[in-house]
Amino acid sequence: MTLAPMTPLAAMPSPSTAVWQLGPFPIRAYALCIIAGIAVACVVTEYRLRRRGVAPGAVLDIAVWAVPAGIVGARIYHVITSPEKYFGAGGEPIKALYIWEGGLGIWGAVAGGAVGAWLAARQLGIPLTVVADALAPGMPLAQAIGRLGNWFNNELYGGRTTLPWGLEVHVMDPDNPGHALRDDAGNPVLQPGLYHPTFLYELLWNVGVAALVLILDRRLRLGRGRAFALYVMGYTAGRFWIELMRTDEANHILGVRLNVWTAALVFLGALVYFVRVRGPREYLVPVGEPAAPVAPAGDVSQVDLSAGEAGARPVAPEGYRVVTEDQFRAYRETGALPPTEPAATDDADRAVTDDDADRAASDDDADRAVTDDTDRPDRAATDGPDDASADRAGAGDDPAGADHTDGTDRADAGRADAGGRPTDRDS
């Protein structure tokens, strides 16, 4: 009996073209997938930010900073971890700037994007943890869509397989980037056999991570950046085993691909953060009411009626402050901002002020006491003898009391001028 050769019953095809020309401009499938992923992440993040109290449109202000910084960070990570392609023997350093030729590291993208988001959040007055938690489910969705670009590029596949979803991989033309090499008959040339579609494994894993973050965030009311940490743990756990399946060229440390080590370390860091950080979900209310749009002044003929028909655009507040979920709900229902709780420093300042007031009052009392004591001897020296003489005279004391004065006084009192007037004591 002859055994039939084991051939796959089905296979997953790959595109033979990843770049299309629109006149002089190349349209790259990889770039389109990245842009589509960013758009999905922005939509999800915008929705979640609004539910936490952020004004509409804030995600665009954040994306203006985060997206370019993420691309730069992704490229820097790729160049640092694969320097031989640019700075080794036969390398061309200028190609480190050729992002369109591929080579973006997700680890650098997250780090660079975080720096950009932090800068934007500071300008908007939004805590970075609120932005991170809002982004948590949108980030893996963006990565999932971006992995379709690897499918167009016929890259990031695994080892040989006979599974029904085995991937056909084209031999790409080095002289015509973005296009498959073709034989004499004009047919695209395929690599022999089928391969694990590791890009598809990661795509599906990332969709699952997004669902996991949404479910646990709803049940556990995650806050303080813990939803983002959950995303990082979920993504790196999948990236760990998927990276072990890949066969594309990569640098190794101790015989293990560099990205495997990176995934393990980042997972541990996110786990420590998730376990140690505690706190409720953060909600935001504006610092002061947003300013109402000012109606244009002048003649009626100069008023833009189309702007009024479209409705007044909401004005973003100067900043935000964190409140509890109950306070946020009350603010949404009534429109009244919750009271600002006095800070501990205010109480301390008030206590110090009261102590200073008490101390000042005590000092004033002491001063008055010292002043009274100082004045009292003077009054006694000035008024005492006359008052005493008057008291004694009024009480019917013996006139002989006059003898208590000294002899000089008696002699002066007895002298008189020729007119009968007493002489001045100082003359």
Side-chain angles (χ1 to χ4, degrees), residues 30-31 33-34 37-38 41 45 62-63 65-87 96-99 101-119 128 131-133 135-150 153 155-156 158 198-199 201-203 205-210 213 225 227-254 256-274:
Y30 187 82
C33 292
I34 294 295
I38 292 173
T45 305
I62 297 172
W65 288 83
V67 172
I71 294 175
V72 172
R75 188 61 175 179
I76 291 175
Y77 177 86
H78 169 75
V79 173
I80 290 176
T81 55
S82 304
E84 64 280 354
K85 296 182 179 180
Y86 311 99
F87 307 105
L97 304 176
Y98 294 176
I99 296 179
E101 292 186 358
L104 299 175
I106 183 61
W107 316 107
V110 174
V115 173
W118 173 70
L119 292 173
L128 181 60
V131 177
D133 285 338
L135 176 64
M139 189 68 179
L141 290 178
Q143 292 174 258
I145 298 173
R147 282 306 178 199
L148 289 174
N150 302 129
N153 287 347
E155 61 187 3
L156 302 189
T198 52
F199 78 90
Y201 299 160
E202 186 171 333
L203 184 157
W205 182 271
N206 287 335
V207 173
V209 170
V213 172
F228 190 83
L230 179 63
Y231 143 70
V232 173
M233 287 189 293
Y235 171 73
T236 52
R239 182 65 182 267
F240 184 89
W241 65 268
I242 294 172
E243 189 73 23
L244 291 173
M245 297 180 65
R246 286 169 50 170
T247 58
D248 54 295
E249 185 179 352
N251 291 328
H252 291 71
I253 298 178
L254 300 178
V256 180
R257 292 169 67 96
L258 174 61
N259 283 335
V260 174
W261 291 103
T262 304
L265 292 176
V266 175
F267 174 86
L268 292 176
L271 177 62
V272 170
Y273 183 92
F274 185 84

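Just so you know, these numbers come straight off a predicted model, no measurement behind them.
In this structure, Tyr77 and Thr262 have side chains that are in contact, with non-hydrogen atoms separated by less than 4.5 Å. Inter-residue side-chain proximity for Leu104 and His78 is flagged as unmet; no heavy-atom pair is nearer than 4.5 Å. Within the 4.5 Å cutoff, the side chain of Phe240 has heavy atoms near those of the Val260 side chain. Ile106 is listed as a side-chain neighbour of Arg239, based on a closest heavy-atom distance under 4.5 Å. Contact annotation: the side chain of Phe228 never approaches that of Val213 to less than 4.5 Å [non-hydrogen atoms, C-beta and beyond]. The closest side-chain heavy-atom distance from Leu254 to Trp261 is below 4.5 Å.
Note that the CD1 atom of Ile34 and the CG atom of Leu148 stand 10.0 Å from one another [nearest 0.5 Å]. Between atom CD1 of residue Ile62 and atom CG of residue Leu135 there is a gap of 9.0 Å, rounded to the nearest 0.5 Å. Note: Ile38 CD1 to Ile71 CD1 = 5.5 Å, rounded to the nearest 0.5 Å. Atom CG of residue Leu271 and atom CG of residue Leu230 lie 10.5 Å apart, to the nearest 0.5 angstrom.
Side chain of Thr198 to main chain of Ile242: no donor-acceptor pair is present (N/O by atom type, distance under 3.5 Å, no hydrogens or angles). With hydrogens and angles ignored, the 3.5 Å screen pairs no side-chain donor or acceptor of Trp107 with any backbone N or O of Ala263. Asp133 places a side-chain N or O within donor-acceptor distance of the main-chain N or O of Gly225, the cut-off being under 3.5 Å. Between the Arg257 side chain and the Leu244 main chain, no donor and acceptor come within less than 3.5 Å of each other.
Not counting sequence neighbours, the partners of Pro83 by the side-chain contact (heavy atoms from CB on, under 4.5 Å) test are Phe87, Asn251.
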Go through it in stages, so that I can follow the logic: the residues are Arg147 and Leu156, the test is side-chain contact (heavy atoms from CB on, under 4.5 Å), and I'd like the CA-CA distance, side-chain angles, deciding distance and then a yes or no. CA-CA 9 Å; Arg147 282 306 178 199; Leu156 302 189; 3.2 Å; yes
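The shortest non-hydrogen separation linking Ala66 to Ala117 is CB-N, 3.9 Å. Nearest heavy-atom pair, Tyr235 versus Asn206, reported as atom, atom and distance to 0.1 Å: CD1-OD1, 3.1 Å. Contact detail for Trp65 and Pro68: the closest heavy-atom pair is O-CD, 3.7 Å. Among all heavy-atom pairs drawn from Gly37 and Ala142, the shortest one is O-CB, 3.1 Å. Here the closest non-hydrogen pair linking Ala69 and Gly112 is CB-O, 3.2 Å. Here the closest heavy-atom approach between residue Gly149 and residue Cys33 is recorded as N-SG, 3.5 Å.
Checking Tyr231 against Gln143 by side-chain atom types alone, a donor-acceptor pair falls below 3.5 Å.
Within 6.0 Å of CD on Glu84 lie more than 12 heavy atoms contributed by other residues, nucleotides or ligands.
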